[in-house]
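Encoded as C-alpha cells, the structure appears first; notes follow it.
What you are looking at is a predicted structure, and each value in this text was computed from that prediction instead of being measured.
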Amino acid sequence: MNGHAAAGRPRPTQAPPASRVLALRGATQVDSDDPGRIVGATTELLRELVVRNTLDPADLISIWFTASPDLTAAYPARAAREMGFVDVPLMCASEIDVPGGSPRTVRVLIHTHSARPRAAAAHVYLHGAAALRPDLTAQAPAATSEEA
C-alpha cells in the first residue's frame, strides 16, 4: 500500500497529459498614471498574450506583474481579475528604479501549462515597450491604439 489511499486521497487513474510549464513575457507602455489607462493597457497586453499563444485560462498557473515606479494609480492585476481570471494567483511588484529605465511600463510574466516548446512562445511587447525587446517584437507586429 503506497499510503495515498490510506490517507483518503484518490489514486490517479491515468497519467496527466504531457505538458510542461511555459513562461511568457510581455510589456506595454501606459500613456499616464491613471487607473483606467493602466488597466486598459494591461488588458490589451493580456489579450494579445492569450490570443498569440492560444492560451486556455484553465491552464494558467500564475501571473506576475511589475510596474515602473511612476505607475501607482492602480494594480495591473486588476485587469486580469476584470478579464475573469479570478482563480489564478496574481502578484504585483514595483520594478527596480534604474536610471534611464523605461517610464510608465507594465511588465508581465505568465506561467502556464503547455505542450508547446519554449521556442514556440510568443512574447508580446506593445507600444513604447516594444523597444525593450526588438528581437522579439520583430516576430509579430505590436498592436496600435487604433487596433485595440
Side-chain angles (χ1 to χ4, degrees), residues 4 7 9-10 12 14-148:
H4 289 288
R9 286 177 266 169
Q14 62 185 19
S19 73
R20 67 183 111 230
V21 174
L22 182 65
L24 302 168
R25 287 277 306 163
T28 189
Q29 197 167 46
V30 182
D31 293 337
S32 63
D33 187 25
D34 172 81
R37 300 274 186 176
I38 293 168
V39 172
T42 305
T43 300
E44 176 189 25
L45 176 61
L46 290 172
R47 283 189 181 136
E48 284 295 318
L49 281 159
V50 167
V51 169
R52 292 186 194 182
N53 290 283
T54 59
L55 296 179
D56 181 344
D59 291 332
L60 297 177
I61 298 167
S62 64
I63 306 175
W64 276 86
F65 298 90
T66 65
S68 54
D70 52 0
L71 293 179
T72 60
Y75 292 110
R78 182 172 141 200
R81 293 287 181 240
E82 290 180 3
M83 290 175 67
F85 300 154
V86 295
D87 64 346
V88 178
L90 307 176
M91 180 65 74
C92 292
S94 181
E95 194 71 33
I96 298 170
D97 194 7
V98 174
S102 182
R104 300 176 322 282
T105 301
V106 173
R107 291 173 173 86
V108 64
L109 175 62
I110 296 176
H111 298 101
T112 186
H113 293 286
S114 178
R116 303 166 95 198
R118 188 181 333 184
H123 306 287
V124 176
Y125 291 81
L126 302 176
H127 309 292
L132 296 171
R133 292 297 306 264
D135 58 318
L136 297 177
T137 54
Q139 296 173 5
T144 64
S145 54
E146 291 81 32
E147 294 171 336

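Of all the heavy atoms in L55 and P57, the pair that sits closest is O-CD, 3.7 Å. When all heavy atoms are compared, the tightest approach of D33 to I38 is OD1-CD1, 3.5 Å. In plain terms, the two heavy atoms of A115 and R20 that are nearest each other are O-NH2, 3.5 Å. Counting all heavy atoms, side chain and backbone alike, A121 lies closest to L22 at CB-CD1, 4.1 Å. The heavy-atom pair separating Q29 from G128 by the smallest distance is OE1-CA, 3.1 Å. Nearest heavy-atom pair across L45 and V108 is CD2-CG1, 3.6 Å.
Listed by first then second residue, pairs satisfying salt bridge (charged side-chain N to carboxylate O under 4.0 Å, His left out) with a partner in residues 111-132 number zero, not counting sequence neighbours.
No side-chain heavy atom of I110 sits less than 4.5 Å from a side-chain heavy atom of N53. The shortest side-chain heavy-atom distance between L24 and T112 falls under the 4.5 Å cut-off.
Under the side chain to side chain donor-acceptor pair (under 3.5 Å) criterion, R47 pairs with no residue, sequence neighbours left out. Legend: residues meeting salt bridge (charged side-chain N to carboxylate O under 4.0 Å, His left out) with D70, ordered by chain and number and at least two apart, are absent. In this structure D59 satisfies the side chain to side chain donor-acceptor pair (under 3.5 Å) test with no other residue, sequence neighbours excluded. Shown here are the side chain to side chain donor-acceptor pair (under 3.5 Å) partners of S62, two or more places apart in sequence or in another chain: H111. Annotation: side chain to side chain donor-acceptor pair (under 3.5 Å) contacts of D31 (sequence neighbours excluded): R37. Considering only residues two or more places apart in sequence or on other chains, A27 meets the side-chain contact (heavy atoms from CB on, under 4.5 Å) condition with T105, R107, Y125, A129, L132.
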Check: residues 73-85 side-chain donor-acceptor pairs under 3.5 Å, at least two apart:
| unit_1 | atom_1 | unit_2 | atom_2 | d |
| --- | --- | --- | --- | --- |
| R78 | NE | E82 | OE2 | 2.9 |
| R81 | NH1 | F85 | O | 2.4 |
| R81 | NH1 | V88 | O | 3.0 |
| R81 | NH2 | V88 | O | 3.2 |

May I have the list of side-chain donor-acceptor pairs in residues 90-97 shorter than 3.5 Å, sequence neighbours left out?
| unit_1 | atom_1 | unit_2 | atom_2 | d |
| --- | --- | --- | --- | --- |
| E95 | OE1 | T66 | OG1 | 2.4 |

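Here CG of D34 is found 10.5 Å from CG of L71. Values are rounded to the nearest 0.5 Å. Annotation: the span from R104 atom CZ to T28 atom OG1 amounts to 10.5 Å, rounded to 0.5 Å.
Without hydrogens or angle criteria, H123 side chain to R25 main chain gives a donor-acceptor distance under 3.5 Å.
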